[in-house]
Chemist: 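Take this structure first; my questions come after.
What you see below is based on every heavy atom in this structure, not just the backbone, and it leaves out hydrogens, waters and symmetry mates. In what follows, chains are A, B, ... by sequence order, proteins preceding strands, each numbered from 1.
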Amino acid sequence: MYIREKITKQIKTIIGDALNQTVESGALTIETMPDLFLEIPREKEHGEYSTNIAMQLPKQTKKAPRFIAETLVANMNTGDSYIESIEIAGPGFINFKLKPYWQYAVLDEVADLKADYGRSQKNAGKKFNLEFISANPTGPMHMGNARGGAIGDILAAVADWTGYAVTREFYINDAGNQIVKFGDSLDARYRQLMGEDIPFPEDGYQGEDITDHMKAFIAVNGDVHRLLTPEERKPILIDYALNKNLSQMKSDLEAYGIHYDVWFSEQSLYDSGAIEKTVELLGKRGFTYEQEGALWFKATEFGSDKDDVLIRANGLPTYFMADIAYHMDKFINRGFNRCINVWGADHHGHVARLKGALTAVGIDASNFDVVIMQLVRLLRNGEVARMSKRQGKAIALTDLIDEVGVDATRFFFNLRSPDSHFDFDLDLAIEQSNDNPVFYVQYAHARICSIIRQMTEELDQTVPLDYSRLVEKEELNLMEILANFPDEILIAEDKLDPSRITRYAIDLAAAFHSFYNACHVRVDDKALMKARVVLIEATKQVIQNALGILGVSAPERM
RNA sequence: GCGCCUGUAGCUCAGUAGGAUAGAGCAACGGCCUUCUAAGCCGUGUGCCAGGGGUUCGAAUCCCUUCAGGCGCACCA
C-alpha cells in the first residue's frame, strides 16, 4: 500500500471511530452516516488533510458545525498514527497536520518498486478493451487520428497500470458503403490508367494514393485484369489496396509508438454470422420491427428520440447493426469486463443508441464508455483549414510526426483533456518545438542523469543513508509530488482522462527544477549528498514511469 | 427545433464527489550561471470564472435560463 493510501485510510478510520463513539455516547444523533471524504487543502497552513464532515451533519444532528467538529475531535484517538495535531478551522473544517517527514516513505517505495512504482491492483483480474482510431482503411491517417491515437494509447496504458489486462484494438471498417466507394474509385483510376476515357465518380476518393495504388498494381500485374467486368475486378482491387493500406497503417502507428493487440475486421462479423445472430436475438427480445422494407431497432424504448434502421430495405445491414454485433463479441464472446472507445465528437450521437442497443441485448452498458474527443482544427497561417480525407487535403499523420517528432506529438495531443476543443497551429507547433513542454520534462530527466553520472564515484558507501537530512521545503515538496503519482493514475483511469498524467509529469519536473536550483546534490556533507542522490534517483524513476505511460522517451542527455 | 461539448488572466488551458485568499504555461518586466546541463530557477501584475436567476453554512463547480462558438440529429460511417 502506498503512503498516501495508508495515511488516508488511517485518518478515515480515526474519524469513523470518533463518529461511532459520539453516537454511542449519545453526544450526537446520526441516522445515516455521510460519506467520508478527505481532501488535500490548497493552503499548507490548513494541514495536509482536511475533512468537511462536520459541515455535512448539522441537519441530522441539529447542532452547529463547529460544535460537531469539537465533539468529534475530542473523541479522536490519534495515538500511534501519522497525525501530529488536529485543528478546527473556518466554518467547521477539521484539519489534520501530519508528523513531520512522513514523505520519506515514498523514497523507499520507489526504490523498492522501481519501474512498477505507481501500479495498483485495483482492477486486477479484469479484462479491458480499448478501441481507438479505427480510421477508415481507405486512405492514409491524418492529424485527427493522431489525437485519438495518443489519447487511446495512453488511456490503455493508464488502465494497465491500475491492474487491468488491457487489449488495444483497431476496428477495421472493411465493409459497407465507403468500401464500395473505395472500389469504385480504384476501378475508375485503373481504367483511366488503362487508357479509357471515363469520368471519376463524383463522391469518390480523390487522393493521389488511389492512383498510386493502381499504378503499383499495374506494375505488378500488367493488364491481365483489363478484360474483366468492373464487378469482377473491384474485389480484386479492393483486396489489393486494402491490404496495402492496412500494412502501411500498422507501420505508421508503430512509428507513432502504438501497437495494437487486435485488428478486428468488420467483415468478419458478416462472415461468422454474428450479425444474423444479433438480429435474431434483438428480434426474439421484441426490440425490432419492419417498416417500409427495412428492419428497425426500437431505440425509443431506450431513451432515444427516434428509432434506428438495422437492416436497410436493400437487405444490407447498417454500420449501427454491425457495431452492436461487434460489441456483443467484445463483451460476450471475448469476455471483456470493460470496453472503452475513443471517438471523435462527430460520432457522439451514436453513443446513446449503441448503449441502448447493448442494454437491449442484455449487456450492462455501464461497463461501456466512449471517450468523446473534440475535433482538432488545423490552423495554418492563422486560418482554419478544414480536413477532408475524401479531397485528400488532410495533413497526414506521418507528415506530422516527421515535422514535430513522436515525443512532442504524443505529449502535445495529451496536454489537454479529450473534451477540450483544440486548435492545432501547425506553424507554431513546428517552429515552437523547442518551447514544447515535453522538453521541460525530458530536460529534468537528463539533468538528473547528468548529476548521477558525476556522483557515482564520489558517493561514499560507508556513510549510512539518513533521510532525515532532507528538510528543505523544495525537498519535501518534491517527495510529496512523488507520493501523489499512484493516486494520479487512479484518477486518470476513473475519469478516463489521460491528460492528467501529462500534467502530472510537468508538475513533477517543475518540482525537480525548483529543487535543483535551491539545493545542490554535490556537496561536501557526504550524508546529505547520499540522501539527495536517493531523492533524485526516485525522481528520475518516477519521471521515467510517467513518460513511459505517455509513450515518450526519457533521454539521458540533451 | 432537439441533443452533446465548450465559454476562467492579453493568449493556451488547469481547477481533483460544492470548500477556506482563483491557479499554471506563454507573452511583458526585473533578478539568478568562477561547483551538479540557463531547454532551468526566483520575483512583479492582471480576473464582473460569458450574462441573469436559484439551491446552501459555502457555487467557477449543482439546477434553470439567456447569449456565443464547435459538433451531431441518414435506409453514411
Chemist: For atom CD of A:Gln454, decide whether the heavy atoms of other residues, nucleotides or ligands shown that lie under 6.0 angstrom number more than 12.
Modeler: yes
Chemist: Write down the distance between CH2 (A:Trp296) and P (B:rA74), rounded to a whole number of angstrom.
Modeler: 10 Å
Chemist: Does a salt bridge link A:Lys44 with A:Glu480, judged by any charged N lying under 4.0 Å from a carboxylate O?
Modeler: yes
Chemist: In whole Å, I'd like the distance from the CG atom of A:Leu354 to the P atom of B:rG3.
Modeler: 21 Å
Chemist: Look through every strand shown and name the nucleotide pairing with B:rA24 as Watson-Crick or G-U wobble, where both distances are under 3.5 Å.
Modeler: B:rU12
Chemist: Output yes when a side-chain donor or acceptor of A:His445 lies under 3.5 Å from a complementary backbone atom of A:Pro555, and no otherwise.
Modeler: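 At least one qualifying donor-acceptor pair exists.
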Chemist: Choosing from B:rC41, B:rA77, B:rC2, which nucleotide comes nearest the side chain of A:Asp305?
Modeler: B:rC2
Chemist: Under 3.5 Å, which N/O atoms of the protein pair with N/O atoms of nucleotides 42-45 of chain B?
Modeler:
residue: B:rC42; atom: OP1; partner: A:Ser514; partner atom: OG; Å: 2.9

Chemist: Please determine, for B:rA60, whether a Watson-Crick or G-U wobble partner exists with both distances under 3.5 Å, and give it or none.
Modeler: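 Its partner: none found.
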Chemist: Whole Å only: how far is the CG atom of A:Asp525 from the P atom of B:rC36?
Modeler: 19 Å
Chemist: Hey, does the Lys NZ or Arg CZ of A:Arg447 hover above the aromatic six-ring of A:Phe512, less than 6.0 Å from the centre and inside 45° of the axis?
Modeler: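 No.
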Chemist: On a heavy-atom basis, which atom in A:Ile452 and which in A:Glu537 lie closest, and how many Å separate them?
Modeler: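 So the two residues come closest at CD1-CG, 3.4 Å.
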Chemist: Check whether the side chain of A:His348 and the base of B:rG3 form a donor-acceptor pair under 3.5 Å.
Modeler: yes
Chemist: Just checking A:Arg353: base, sugar-phosphate only, or nothing, at a heavy-atom cut-off of under 4.0 Å?
Modeler: base
Chemist: Could you give the distance separating B:rC71 and B:rG54 at their P atoms, to the nearest angstrom?
Modeler: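 Straight-line distance between the two P atoms is 35 Å.
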Chemist: P atom, B:rA50 versus B:rC42: distance in rounded Å?
Modeler: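 It comes out at 30 Å once rounded to the nearest Å.
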Chemist: Could you walk me through whether A:Lys234 and A:Asp184 pass the side chain to side chain contact (heavy atoms under 4.5 Å, CB included) check?
Modeler: CA-CA 7 Å; A:Lys234 280 178 193 171; A:Asp184 293 345; 2.7 Å; yes
Chemist: Do the side chains of A:Glu493 and A:Lys122 get close enough for a salt bridge, i.e. N-O under 4.0 angstrom?
Modeler: yes
Chemist: Residues in ring-ring contact (aromatic ring centres under 6.0 Å, His included) with A:Phe170, at least two apart?
Modeler: A:Tyr260, A:Trp263
Chemist: Does A:Lys330 come within less than 4.0 Å of A:Glu169, counting only side-chain N to carboxylate O?
Modeler: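 The answer is no: the pair does not qualify as a salt bridge.
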Chemist: For B:rU12 and B:rG47, measure between their C1' atoms and round to the nearest Å.
Modeler: 16 Å
Chemist: Whole angstrom is fine here: how far is it from NE2 in A:His347 over to P in B:rG70?
Modeler: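 Atom-to-atom, A:His347 to B:rG70, this comes out as 20 Å.
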Chemist: By the 4.0 Å heavy-atom rule, please label A:Ala345 as base, sugar-phosphate, or nothing.
Modeler: sugar-phosphate
Chemist: Using the glycosidic torsion, which applies to B:rC33: syn (within 90° of 0) or anti (everything else)?
Modeler: syn
Chemist: Using salt bridge (Lys or Arg N to Asp or Glu O under 4.0 Å) as the criterion, list what pairs up with A:Glu266, not counting sequence neighbours.
Modeler: none
Chemist: Using the P atom in both, what is the distance from B:rC5 to B:rU65, to the nearest Å?
Modeler: 15 Å
Chemist: Could you check how far NZ of A:Lys306 sits from P of B:rG3, rounded to whole Å?
Modeler: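 It works out to 13 Å between those atoms.
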Chemist: When the P atoms of B:rC63 and B:rG19 are considered, how many whole Å apart are they?
Modeler: 15 Å
Chemist: Distance check: side-chain N/O of A:Tyr440 vs OP1/OP2 of B:rU37, anything under 4.0 Å?
Modeler: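 No, no such contact exists.
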Chemist: Write down the distance between CD1 (A:Ile372) and C1' (B:rC71), rounded to a whole number of angstrom.
Modeler: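 Interatomic distance, CD1 of A:Ile372 to C1' of B:rC71: 10 Å.
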Chemist: Across the strands shown, which category fits A:Phe320 at heavy-atom distances under 4.0 angstrom: base, sugar-phosphate, nothing?
Modeler: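 No contact.
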Chemist: What string of B, S and - do you get for nucleotides 27-35 of chain B 5' to 3' if you count protein non-hydrogen atoms under 4.0 Å?
Modeler: ---------
Chemist: Please walk me through it: do A:Asp407 and A:Gln442 pass side chain to side chain donor-acceptor pair (under 3.5 Å)?
Modeler: CA-CA 10 Å; A:Asp407 286 347; A:Gln442 291 179 320; 3.0 Å; yes
Chemist: With rounding to whole Å, what would you report as the distance between B:rC33 and B:rU21 at their C1' atoms?
Modeler: 36 Å
Chemist: Students often get this wrong, so: under 4.0 angstrom with heavy atoms, is A:Tyr443 touching a base, only sugar-phosphate, or nothing?
Modeler: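 The residue A:Tyr443 makes base contact.
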Chemist: Tell me what A:Cys449 touches on the nucleic acid: a base, only sugar-phosphate, or nothing, going by heavy atoms under 4.0 Å.
Modeler: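 Nothing: the residue A:Cys449, judged by heavy atoms under 4.0 Å, touches no strand.
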Chemist: Can you check the distance between B:rA20 and B:rC4, where both ends of the measurement are the C1' atom (answer in whole Å)?
Modeler: 34 Å
Chemist: Kindly point out which of B:rA77, B:rC36, B:rC41 is positioned nearest to the side chain of A:Asn177?
Modeler: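 Given the options B:rA77, B:rC36, B:rC41, the side chain of A:Asn177 is closest to B:rA77.
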Chemist: Using a cut-off of less than 4.0 Å, is there contact between a side-chain N or O of A:Arg447 and OP1 or OP2 of B:rA38?
Modeler: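 A:Arg447 to B:rA38 OP1/OP2: side-chain N or O found under 4.0 Å.
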Chemist: Under 30°, 30 to 60°, or over 60°: which ring-plane class applies to A:Phe485 and A:Trp161, parallel, tilted or perpendicular?
Modeler: perpendicular
Chemist: Between B:rU37, B:rA77, B:rG40, which one does the side chain of A:His513 approach most closely?
Modeler: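 The closest nucleotide is B:rG40.
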Chemist: As a quick check of understanding, evaluate side chain to side chain contact (heavy atoms under 4.5 Å, CB included) for A:Leu470 and A:Leu107, giving each step before the final call.
Modeler: CA-CA 11 Å; A:Leu470 304 173; A:Leu107 298 178; 3.8 Å; yes
Chemist: Describe the nucleic acid contact of A:Glu474 in one word from base, sugar-phosphate, nothing, applying a heavy-atom distance below 4.0 Å.
Modeler: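 No contact.
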Chemist: How would you summarise protein contacts on nucleotides 12-23 of chain B per nucleotide, using B for base, S for sugar-phosphate only and - for none, with heavy-atom distances below 4.0 Å?
Modeler: SSS-BB-BBB-S
Chemist: Is B:rG3 paired to anything, Watson-Crick or G-U wobble with both distances less than 3.5 Å, and if yes, which nucleotide?
Modeler: B:rC71
Chemist: Identify whether any heavy atom of A:Gln442 sits under 4.0 Å from a base atom; if not, whether one sits that close to sugar-phosphate; answer base, sugar-phosphate or nothing.
Modeler: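 It contacts nothing in the nucleic acid.
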Chemist: Closest nucleotide of RNA chain B for A:Gly293 versus for A:Ala518: which of these residues is on the 5' side?
Modeler: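 Counting from the 5' end, the first nearest nucleotide belongs to A:Ala518.
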Chemist: What integer distance in Å separates A:Lys473:NZ from B:rC41:P?
Modeler: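 Those two atoms, NZ and P, are 14 Å apart.
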Chemist: Can you tell me the distance, in whole Å, between the CG atom of A:Asp323 and the P atom of B:rA77?
Modeler: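 Checked: the CG to P distance equals 11 Å.
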Chemist: Residues in side-chain contact (heavy atoms from CB on, under 4.5 Å) with A:Ala365, at least two apart?
Modeler: A:Lys355, A:Thr359
Chemist: Is it true that A:Arg4 and A:Asp487 have a side-chain N and a carboxylate O under 4.0 angstrom from each other?
Modeler: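 Result for this pair is no, no salt bridge flagged.
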Chemist: Roughly how many Å apart are B:rA68 and B:rA74, using the C1' atom of each and rounding to a whole number?
Modeler: 29 Å
